[in-house]
Colleague: 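Here it is: the structure, laid out below.
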Number of protein chains: 2
Amino acid sequence: MSTEGKGINAMNEPRPDNRERIIEAANRLFYTKGYNQASFADIADEVGISKGNLHYHFRSKVDLLEAILVVRMKEVKNNLAQWDEEYPEAKDKLRRFVQMLLSEEAELVRYGCPLGSLNMELGKYQPELRDQSRAMFDLFRSWLEKAFKQLGCKDSQSLSTHLLTMAQGAALMTYVYADSQLLKDECSKILEWIDSL
Amino acid sequence: MSTEGKGINAMNEPRPDNRERIIEAANRLFYTKGYNQASFADIADEVGISKGNLHYHFRSKVDLLEAILVVRMKEVKNNLAQWDEEYPEAKDKLRRFVQMLLSEEAELVRYGCPLGSLNMELGKYQPELRDQSRAMFDLFRSWLEKAFKQLGCKDSQSLSTHLLTMAQGAALMTYVYADSQLLKDECSKILEWIDSL
DNA sequence: GTCTATAAGAAGATAGAC
DNA sequence: GTCTATCTTCTTATAGAC
């Protein structure tokens, strides 16, 4: 798929990194505007290339979305792996998860949760992509489950689902009310719950 | 596109109730397909009228949405008023709220929460309608707050927000995983929390 | 690889006959 | 009130020159 190391022309010079730049821009726009509202024109404009060029790199919008899901999956995996290194203690892992919400306050208020909103949208519009979109949730879910197991909880599966559920609820309400205080309050409650385990 | 015969009269006869039928169909389609994915053609087809006729009753899509928001607001108000009558006890009121989720299991699994999904969608697409869409949340929020106050809780506001947050999280996760068991488990946890108050 | 030009279709919305 | 026909704009996607 990658076409690296091509010669550089005089005019219409190739930008070997354009594919990456497209993915970056689309990743951002699919989040901020939503998948269906972010058009090829928007993305091409953002990158500074023509729509035709965009279609050269990605035949269809679904192709582009799939490439972005791959990127997001990788990002989540990297984050979780890093947290595993930094926080050997199970409860610290759980707290770090909640801390993610707080550190994304500004984006949550303006655009909602990138996982939750994409899953809502794809569920209604692109049923065939639900599985891939849901896979990001699965990463968090199984990582949290491992942490609960490490903590010695029997019902680690239901606890991980519960934590994810509270986080999604908090993210959604934060977005609906565009209220960062709401986010802080809900995260405090989640952290208290973690402490009480 | 089909100009299906209504079989009742000969030609172009007035249907005084078409306006109501349009609202019903649009209300359903805005929920099941989403506001942006439900087109005028979809709605006209569902009602069995032409797009032109639809535009006679509602000049724009936003007009139609506003009419539907009025209907939904009324429905929520009616529900809350009825629950007030049926459940004088504060905790019973809170339980009834959770019961609503369980009784909407099939719809939540397939289409998500009508309030949550609409708010997510309008937030990204129609910022000018966020306030109206959010108003449905406000109805629940203040009703719950009253119940918590009746129960003697000082922090009734934060508790009502918290309950709404958990409900939204549960609805979203139920939808993403199309998992009715998840809904039952989360509702059980919420009910336990209510009991513990 | 990149561009311009254009197809092909769907969307919201309007005009005018009946 | 209802219809058909049409307009305009936006969308995804393709064709072909450079």
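Residue numbers start from 1 in every chain, and the chains themselves are labelled A, B, ... in the order their sequence lines are given, proteins ahead of strands.
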Colleague: Would you mind reading off the distance between B:N53 atom CG and C:dG12 atom P, rounded to a whole angstrom?
Modeller: 16 Å
Colleague: Starting the side chain at C-beta, find the nucleotide from D:dT2, C:dC3, C:dT2 nearest to A:H57.
Modeller: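 The nucleotide sitting nearest to the side chain is C:dT2.
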Colleague: Measure CD1/B:I49 against P/D:dG1 and give the value in whole Å, please.
Modeller: 12 Å
Colleague: May I have the distance from A:I43 (atom CD1) to D:dC10 (atom P), rounded to whole angstrom?
Modeller: 17 Å
Colleague: How close or far is atom P of C:dG12 from atom CG of B:L65, stated in whole angstroms?
Modeller: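 Checked: the CG to P distance equals 12 Å.
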Colleague: Quickly work out the B:Y125 OH to D:dC10 P distance and round it to whole Å.
Modeller: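 Whole-Å distance recorded here is 17 Å.
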Colleague: For B:Q150, is the CD atom crowded, meaning more than 12 foreign heavy atoms sit under 6.0 Å from it?
Modeller: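 Result for CD/B:Q150: enclosed.
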Colleague: Does A:R110 qualify as a cation-pi partner of A:Y31, given the criterion of NZ or CZ under 6.0 Å from the six-membered ring centre and within 45 degrees of its axis?
Modeller: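 The answer is no; the distance or angle limit is not met.
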Colleague: Taking the six-membered ring for Trp, are B:W83 and B:F140 parallel (under 30°), tilted (30 to 60°) or perpendicular (over 60°)?
Modeller: tilted
Colleague: Polar-atom pairs under 3.5 Å, protein N or O versus N or O of nucleotides 11-15 of chain D: list them with distances, or write none.
Modeller:
{"unit_1": "D:dT12", "atom_1": "OP1", "unit_2": "A:K61", "atom_2": "NZ", "d": "2.9"}
{"unit_1": "D:dT12", "atom_1": "OP2", "unit_2": "A:F40", "atom_2": "N", "d": "2.9"}
{"unit_1": "D:dA13", "atom_1": "OP2", "unit_2": "A:K61", "atom_2": "N", "d": "2.9"}

Colleague: Quick one: B:N18 CG to D:dG1 P, roughly how many Å, whole number?
Modeller: 9 Å
Colleague: Under 6.0 Å from the ring centre and within 45 degrees of the ring axis: does the NZ or CZ of A:K61 meet both conditions for the six-membered ring of A:Y35?
Modeller: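 Because its charged atom sits under 6.0 Å from the ring centre and within 45° of the axis, A:K61 does stack over A:Y35.
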Colleague: Do the side chains of B:K184 and B:E105 get close enough for a salt bridge, i.e. N-O under 4.0 angstrom?
Modeller: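 So B:K184 pairs with B:E105 through a salt bridge.
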Colleague: Decide if atom CD of B:E85 counts as having more than 12 heavy atoms of other residues, nucleotides or ligands within a radius under 6.0 Å.
Modeller: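 It does not: B:E85 CD has 12 such atoms or fewer within range.
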